[in-house]
Protein chains: 2
Amino acid sequence: MEKKPITIKEIAKRLNISVSAVSKALHDDKSIGLRTKMQVKKMAEELNYQPNQTAIFLQSGKTHTIGVILPHLSETFFPQVICGIEDVAIKNNYVVLLGQSNEDPERELMLLESMKKHRVDGILISISKDTTNYDRLAKYKETIPMVFVDRIPDMKEIHYVACNMVSGTIQAVSYLLQKKHRVIGMVNGPEKFFASKERLDGYRKALEKHRLKYDTSLVINCDLSRDEIQEAVKALLNHKRKPTAIVAFHDNAAMEIIEYLMSTKKDKQITVVSFANLPMTAHSIFRPAASVEQYPYLQGQKGMEILLDIMNTKQIAAESPSPYYKIILDSHLKLLKP
Amino acid sequence: MEKKPITIKEIAKRLNISVSAVSKALHDDKSIGLRTKMQVKKMAEELNYQPNQTAIFLQSGKTHTIGVILPHLSETFFPQVICGIEDVAIKNNYVVLLGQSNEDPERELMLLESMKKHRVDGILISISKDTTNYDRLAKYKETIPMVFVDRIPDMKEIHYVACNMVSGTIQAVSYLLQKKHRVIGMVNGPEKFFASKERLDGYRKALEKHRLKYDTSLVINCDLSRDEIQEAVKALLNHKRKPTAIVAFHDNAAMEIIEYLMSTKKDKQITVVSFANLPMTAHSIFRPAASVEQYPYLQGQKGMEILLDIMNTKQIAAESPSPYYKIILDSHLKLLKP
DNA sequence: TTGAAAGCGCTACCAC
DNA sequence: GTGGTAGCGCTTTCAA
């Protein structure tokens, strides 16, 4: 089989007219007579003609493809981000080129390079947790419309959509305080994460609001690996002011922490709150008392909308430097059924 | 900013040589002198030249892109399939165009169409659960190399990789029998699903092996919605031969079933086994006693490998109809910690 | 109302 | 060794 695809040229030949006439007819150009228009369309239909998009891409310089780079898809968080992106993308006739960095900055860079090569019209990225060399990223944002989602680097002059963790953290800590906890520990992510900073910020603000003093040693940074999380918990349990509640960096950390607490005879009753509000958390035996919702679907949607916008305005007014989008959604604490 | 990208032509002009020379130099063609080769490369480097892939795509007729269509990413199963696909794809210099059908046959078709337009070199697809019109799918497999993964339609002459559920089901039922269960119910998926047929097959075979008679009324088909699952469980609980164990279609169904059982005072002790072995299941309060592992990552890997193979052989020997790949992995029962 | 031709950026064949 | 040129499939401008 494998007959080669029908081209515009083929149609032209069969109808004994020019390729340009065919092209125009197919696009309902008004300069083409109704008669030939009909003929052309009929023939196209018969031969099951499909325009070769790659030719159109080359011609137009656009690919109607956007690149999406995410750290991984193993939890439901990022898949939901994709859903938001994809739904908006499809509505606007874009397709999604997906790449997972697997939290590896090298692979992330390789994906960026590969997507650039494929001439994607724009990129949505949630950076890997170990990405520190922002200069390498910056190179791309100069040449391709780029929007950062959820995990945003500490860079100037970027478009991004993120969820403000400060408000959620304040709610989380306030919730604990209201439950009469007075010593609250925190197992935070790496210090350099923007996300860690936000959580710490919210934590401090909440304490301040309740006129409690902030004790640095109750906040422990870790790389979120199983081991370091355990170390962090142990440190808190051995603390001279042993906490009765813990704020975890995210649901996964929370579950690890609770699993550990449950394995120790006497610390089962420590309350844990966390971030992400993953659906699976609700059923887990190691579920926290509450979790801060970060609206991944919405973030994806918004991110894609921003990207569409900058891709469009770039075409129209390349000279006027458009302002940078900084969309920040507020996070909210969700209580989980006990 | 927005200076237009450097082309081969620009390099040629600056160096006062021909475009063909530049092209060849860039490809290390042996017919080009070392001197000019160096010059060209240096200039390319300086100008930060990036070949325009869309031009190459048009020229070569290949896009080095494969389309992946999955029902959804909400559970960890399909994300793991993607991982397998992506890892192999990247190694072979392919990128992944992703689309979720959301279990909607119309959207699935639209995605196929859109990917065809984008001239993907091949397609990996796991069909939506409501896809019944296979003719519409068949149209695509004639023109684009296509491999079905995990959810395969009941069609002839297709390439696929799937997991044989029969062996896993036999193991699951045998496990229950060995635990002295003598009346085993089954909450199966829709009757038309191939996956449902396999499970039923395994169920019957296991009973046969143990010389127990097969009672049709203990197997209930449902559409796997929350409501129908509940109805199915109720029917089983009201059965004159009330089962002491249930085989569920997959982990999600199992969790729904167990949630329901736990809400009824007296049926908590009914044992449930299921399929998928999702990581989250292990921590769930509603976790089954055991689950059949279906190796999603491996399926993705194999699927991509097959696709690569047929894409390659198609180029080389289009005339000889290659045999159809039918890779079937055996499934295995995994016990979950109580 | 239609057609010819240039051109998008690149490759590859054939002359020189 | 190097350069000219045709062509991948399509759009678009300009002439007829």
Side-chain angles (χ1 to χ4, degrees), chain A residues 2-41 43-44 47-65 93 116-121 143 315, chain B residues 2-41 43-44 47-65 93 116-121 143 315:
Chain A
E2 246 343 77
K3 50 191 90 158
K4 41 172 48 96
I6 301 297
T7 70
I8 221 174
K9 198 194 241 167
E10 178 68 20
I11 299 181
K13 193 159 67 181
R14 299 214 189 189
L15 253 38
N16 241 319
I17 57 176
S18 75
V19 283
S20 48
V22 176
S23 172
K24 282 179 237 174
L26 256 15
H27 285 118
D28 270 329
D29 190 300
K30 50 191 137 215
S31 75
I32 295 293
L34 192 62
R35 240 184 82 88
T36 39
K37 218 180 259 183
M38 300 285 274
Q39 282 184 317
V40 169
K41 289 197 174 175
M43 180 62 75
L47 298 181
N48 194 15
Y49 165 75
Q50 299 270 152
N52 183 336
Q53 290 294 127
T54 58
I56 298 174
F57 293 159
L58 171 58
Q59 165 76 26
S60 68
K62 307 246 136 267
T63 58
H64 270 269
T65 304
N93 244 297
K116 187 177 174 188
K117 261 207 198 149
H118 276 255
R119 286 297 205 261
V120 294
D121 292 341
T143 52
Q315 278 180 312
Chain B
E2 248 342 76
K3 49 190 92 161
K4 41 173 48 94
I6 301 298
T7 71
I8 219 172
K9 198 195 242 167
E10 177 67 19
I11 299 182
K13 192 158 69 179
R14 299 213 189 190
L15 253 37
N16 242 317
I17 58 177
S18 75
V19 282
S20 47
V22 175
S23 172
K24 280 180 242 174
L26 254 16
H27 285 118
D28 269 329
D29 190 300
K30 50 190 136 215
S31 75
I32 294 293
L34 191 61
R35 240 184 82 89
T36 40
K37 216 180 264 185
M38 300 286 273
Q39 282 185 316
V40 168
K41 291 198 174 175
M43 180 63 74
L47 299 180
N48 195 15
Y49 164 76
Q50 297 271 152
N52 183 336
Q53 289 295 126
T54 60
I56 297 174
F57 294 159
L58 171 59
Q59 160 77 24
S60 68
K62 308 246 135 267
T63 59
H64 271 270
T65 304
N93 244 297
K116 187 177 173 189
K117 261 207 197 150
H118 276 256
R119 288 291 206 266
V120 295
D121 293 341
T143 52
Q315 280 181 309

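A, B, ... follow the sequence lines: proteins, then strands. Residue 1 opens every chain. Only heavy atoms go into these numbers, but all of them, side chains included; no hydrogens, no water, no symmetry mates. Given the structure is predicted, the values throughout are model-derived calculations rather than measurements.
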(request) Please list, in 5' to 3' order, the outermost nucleotides of DNA chain C lying under 4.0 Å from any heavy atom of chain B. (result) C/dC8 to C/dC13
(message) Using five pairs at each end of the helix from C/dT1-D/dA16 to C/dC16-D/dG1 to define an axis, what is the angle between those two axes, to 10°?
(response) 50°
May I have the list of side-chain donor-acceptor pairs in residues 17-26 of chain A shorter than 3.5 Å, sequence neighbours left out?
from	atom 1	to	atom 2	distance (Å)
A/Ser18	OG	A/Ser20	OG	3.0
A/Ser18	OG	A/Ala21	N	3.1

(message) Closest-nucleotide mapping onto DNA chain D: is A/Ile8 or A/Lys24 further toward the 5' terminus? I mean the 5' end.
(response) A/Ile8
(request) Please work out if A/Thr7 contacts a base, only the sugar-phosphate, or nothing of the nucleic acid, heavy-atom cut-off 4.0 Å. (result) sugar-phosphate
(message) A side-chain contact here means heavy atoms from C-beta on lying under 4.5 Å apart; do A/Ile11 and A/Leu47 qualify?
(response) yes
(message) Under 4.0 Å, heavy atoms only, any strand: does A/Lys9 hit a base, just the sugar-phosphate, or nothing?
(response) sugar-phosphate
(request) Assign B/Thr36 to base, sugar-phosphate, or nothing according to its heavy-atom contacts below 4.0 angstrom with the strands shown. (result) sugar-phosphate
(request) Specify the residues of residues 50-58 of chain A, ordered by number, for which at least one heavy atom lies under 4.0 angstrom from an atom of DNA chain C. (result) A/Leu58
(request) Under the side-chain hydrogen bond (donor to acceptor under 3.5 Å, both in side chains) rule, collect the residues that match up with A/Glu10, sequence neighbours excluded. (result) A/Arg14
(request) Could you list by number each residue of residues 15-23 of chain B showing a heavy-atom separation from DNA chain D of less than 4.0 Å, or answer none if no residue does? (result) B/Ile17, B/Ser18, B/Ser20, B/Ala21
(request) Can you tell me which residue pairs pass the side-chain hydrogen bond (donor to acceptor under 3.5 Å, both in side chains) test with a partner in residues 30-40 of chain B, sequence neighbours excluded? (result) B/Asp29-B/Ser31
(request) For B/Asp28, check side-chain hydrogen bond (donor to acceptor under 3.5 Å, both in side chains) against everything at least two apart and list the hits. (result) B/Lys41
(request) Please say whether more than 12 non-hydrogen atoms of neighbouring residues, nucleotides or ligands are located less than 6.0 Å from NZ in A/Lys117. (result) no
(message) For B/Gln59 and A/Ile6, find the nucleotide of DNA chain D closest to each by heavy atoms; which residue's nucleotide sits nearer the 5' end?
(response) B/Gln59
(request) Please list, in 5' to 3' order, the outermost nucleotides of DNA chain D lying under 4.0 Å from any heavy atom of chain A. (result) D/dC8 to D/dT13
